[in-house]
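Heads up, the thing below is written out as structure tokens.
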Amino acid sequence: MILGVIADDFTGATDVASMLVRAGMHTVQVLGVPEGELPQADAVVIALKTRTIGPTDAVAQSLSALAALRAAGARQVYFKYCSTFDSTPQGNIGPVTDALMAALGTDFTIACPAFPENGRTVFRGHLFVGDVLLSDSGMRNHPLTPMTDANLVRVLQAQTSQTVGLLRHDALDGGASAAQDRITQLRKEGVKIAVADATSNAHLLTLAEACADLPLLTAGSGVALGLPPAYAKRGWFTPKANAADLDRLQGPAAVVSGSCSEATNAQVAQWLSAGRTGFQIDPLALHEGRQTAVAVLAHALEALIQGPVLVYATAAPDSVRAVQQALGVQAAGDLVEHALAHIAKGLVQAGARRLVVAGGETSGSVVQALGVQQLRIGAAICPGVPWTQSALPDNGEALQLALKSGNFGGVDFFAQALQQAGVAL
């Protein structure tokens with residue numbers, strides 16, 4: 001193993017794995033803290049659900065994942081978080097980074113959530129989503145990790161006692177050597193974690209080349225795009241042309257959506273406006289017993305005979321806030337995720353073999369309900385979202401999953417994903 005990745009949610013894990021496969025690395029994703037030996041691959045991505053849990057639990061799970069990766073001989077470790085730097089003043093990006101640095105015995109790392117292909121750029125330490133600051137984007141209304149400050153140095157400094165500095169774009173413009181020189185100077189100044197600018201793929205490639213020998217990287221998925229070329233340059237592996245090959249499956253297909261991001265709201269609206277079948281989950285109706293996951297599943301299965309169906313809890317921010325006020329944030333989330341996981345499992349048991357899942361928390365709940373342990377990473381549907389393939393634990397049949405981060409993909413993503421997998425719409 002060359003690279004071991006610890007991802008703080010399931011869609012983020014497939015996101016970073018997609019970048020590695022795209023550059024020719026054979027990559028396997030393991031779901032949850034691994035038990036036993038890890039699979040053999042150029043890169044192994046361990047997908048955790050630690051983004052929104054308590055910092056103590058997040059650190060413990062991350063250290064367990066690190067132990068498995070180190071036992072498997074990983075040359076470098078990569079802590080992957082969201083390209084919108086989702087966190088709170090208590091963590092978990094800072095606490096997990098601190099713990100990994102201590103365990104690896106390193107006194108320096110970078111922090112770079114940039115992913116320019118998806119509109120996430122960092123300039124002078126400030127994170128932009130498209131043309132607006134993070135604090136002016138839809139992330140300011142995130143129900144669990146609202147991001148109201150775009151200054152990443154300030155955001156991260158609130159989560160760690162280590163000194164946070166800035167590796168600016170002008171240092172990266174000078175190439176890997178200039179970036180390394182600036183890193184040396186930052187270390188002399190006492191900086192332990194450097195937020196790195198990146199406004200283009202060229203910056204990501206430079207950053208990866210400059211940092212490929214560090215024991216630990218922390219980043220979104222963008223930096224991973226540059227690591228395989230850096231590793232190949234060092235003679236550690238040879239890129240593989242067939243790294244993204246998956247089987248061609250037959251049978252029904254469906255979409256399950258729990259994300260309430262602006263992007264996913266638009267995707268749900270597009271699906272429905274095209275006249276395609278959709279069934280909405282109402283959290284208040286579930287809570288009051290006026291709706292059940294069993295009944296929604298029955299309707300979806302009946303419609304599945306005619307073609308792909310969408311089951312969604314996606315809603316506008318005002319609706320989400322109203323539900324959270326009525327039920328509580330955690331209770332509302334748990335209610336929806338449990339229902340969607342039950343429905344997804346029922347769809348697969350009925351024969352669905354290609355499943356698109358929108359939302360990080362939803363994706364985690366769904367794969368856990370299905371009992372899936374590993375994913376082989378295939379070709380990207382859009383930047384950061386690949387098709388993946390696994391074997392169902394009860395019968396060994398192949399299942400393909402597209403696990404989409406809420407903010408990713410264009411308005412027609414659901415149809416695009418299914419068509420790429422050979423589904424007729």
Side-chain angles (χ1 to χ4, degrees), residues 1-7 12-13 15-29 40-46 66 69-70 72-81 83 97 100-101 104 106-117 120-122 167-184 186-187 193-241 243-244 377 380 383-384 386:
M1 188 193 307
I2 301 167
L3 181 66
V5 181
I6 302 168
D15 176 6
V16 68
S18 176
M19 295 296 101
L20 299 171
V21 167
R22 170 175 160 182
M25 291 190 83
H26 175 220
T27 306
V28 176
Q29 182 173 326
Q40 292 188 351
D42 296 326
V44 172
V45 180
I46 298 178
L66 173 64
L69 293 170
R70 295 182 78 182
R75 289 176 181 254
Q76 188 171 49
V77 175
Y78 191 123
F79 171 38
K80 195 276 175 193
Y81 37 73
S83 62
T97 298
L100 294 176
M101 290 178 70
L104 288 166
T106 183
D107 65 351
F108 182 83
T109 190
I110 61 164
C112 183
F115 191 0
E117 290 182 11
R120 313 303 194 265
T121 55
V122 181
L167 179 60
R168 283 189 359 185
H169 61 94
D170 44 5
L172 296 172
D173 289 339
S177 179
Q180 289 172 334
D181 289 344
R182 181 55 185 154
I183 287 172
T184 299
L186 288 170
R187 297 177 81 160
I193 308 171
V195 170
D197 281 353
T199 62
S200 66
N201 278 0
H203 281 154
L204 296 177
L205 294 173
T206 296
L207 190 62
E209 171 62 28
C211 299
D213 297 301
L214 292 177
L216 174 69
L217 302 176
T218 87
S221 61
V223 173
L225 183 62
L227 288 176
Y231 297 153
K233 183 177 179 180
R234 287 160 173 76
W236 296 352
F237 95 114
T238 301
K240 300 168 180 63
I377 308 301

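Bear in mind that the values here come from a model prediction, so they are computed numbers and not experimental data.
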Worksheet item: Given the rule in the side chain to side chain contact (heavy atoms under 4.5 Å, CB included) test, do His203 and Asp197 qualify, once you have shown the distances and angles that lead to the verdict?
Response: CA-CA 8 Å; His203 281 154; Asp197 281 353; 5.8 Å; no
Item to complete: Quick one: do Ile183 and Cys211 satisfy side chain to side chain contact (heavy atoms under 4.5 Å, CB included)? Show the steps, please.
Response: CA-CA 9 Å; Ile183 287 172; Cys211 299; 3.8 Å; yes
Practice prompt. Apply side chain to side chain contact (heavy atoms under 4.5 Å, CB included) to Phe79 and Thr109, showing your working.
Written response: CA-CA 10 Å; Phe79 171 38; Thr109 190; over 6 Å; no
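Evaluation of the ring-ring contact (aromatic ring centres under 6.0 Å, His included) rule for Tyr231 yields Trp236 as partners, not counting sequence neighbours. Scanning for side-chain contact (heavy atoms from CB on, under 4.5 Å) contacts around Leu205 gives an empty result, with sequence neighbours left out. Partners of Gln180 under the side-chain contact (heavy atoms from CB on, under 4.5 Å) rule, at least two apart in sequence or in another chain, are Ala210. With sequence neighbours excluded, the residues that form a ring-ring contact (aromatic ring centres under 6.0 Å, His included) with His169 are Phe123.
In this structure, CD1 on Ile193 lies 12.5 Å from CG on Leu186, to the nearest 0.5 angstrom. Annotation: the span from Asn201 atom CG to Leu207 atom CG amounts to 12.0 Å, rounded to 0.5 Å. In this structure, Leu225 CG and Arg22 CZ are separated by 5.0 Å, a value rounded to the nearest 0.5 Å. A distance of 6.0 Å separates CD in Glu117 from CE in Met19, rounded to the nearest 0.5 Å. Arg70 CZ to Leu104 CG: the interatomic distance, rounded to the nearest 0.5 Å, is 5.0 Å. In this structure, Arg120 CZ and Cys112 SG are separated by 13.5 Å, a value rounded to the nearest 0.5 Å.
Pro116 approaches Thr199 most closely through the heavy-atom pair CG-C, 3.9 Å. When all heavy atoms are compared, the tightest approach of Ala114 to Leu204 is O-CD2, 4.1 Å.
Applying the salt bridge (Lys or Arg N to Asp or Glu O under 4.0 Å) test to every pair with at least one member in residues 217-227, sequence neighbours left out, gives no pairs at all. Residue pairs meeting the salt bridge (Lys or Arg N to Asp or Glu O under 4.0 Å) criterion with at least one partner in residues 200-228, sequence neighbours excluded, are Glu209-Lys233, Glu209-Arg234, Asp213-Arg234.
Annotation: side chain of Asp42 is in contact with side chain of Lys240 (closest heavy-atom distance under 4.5 Å). Using a 4.5 Å heavy-atom threshold, the side chains of Val28 and His26 count as touching. Val45 places none of its side-chain heavy atoms less than 4.5 Å from the side chain of Lys80.
No donor-acceptor pair closer than 3.5 Å links the side chain of Tyr81 to the backbone N or O of Ser221. The backbone N or O of Leu214 sits less than 3.5 Å from a side-chain atom of Gln76, completing a donor-acceptor pair.
When each of Thr218, Leu100, Leu216 is tested with Ile6 by the rule side-chain contact (heavy atoms from CB on, under 4.5 Å), just one qualifies, namely Leu100.
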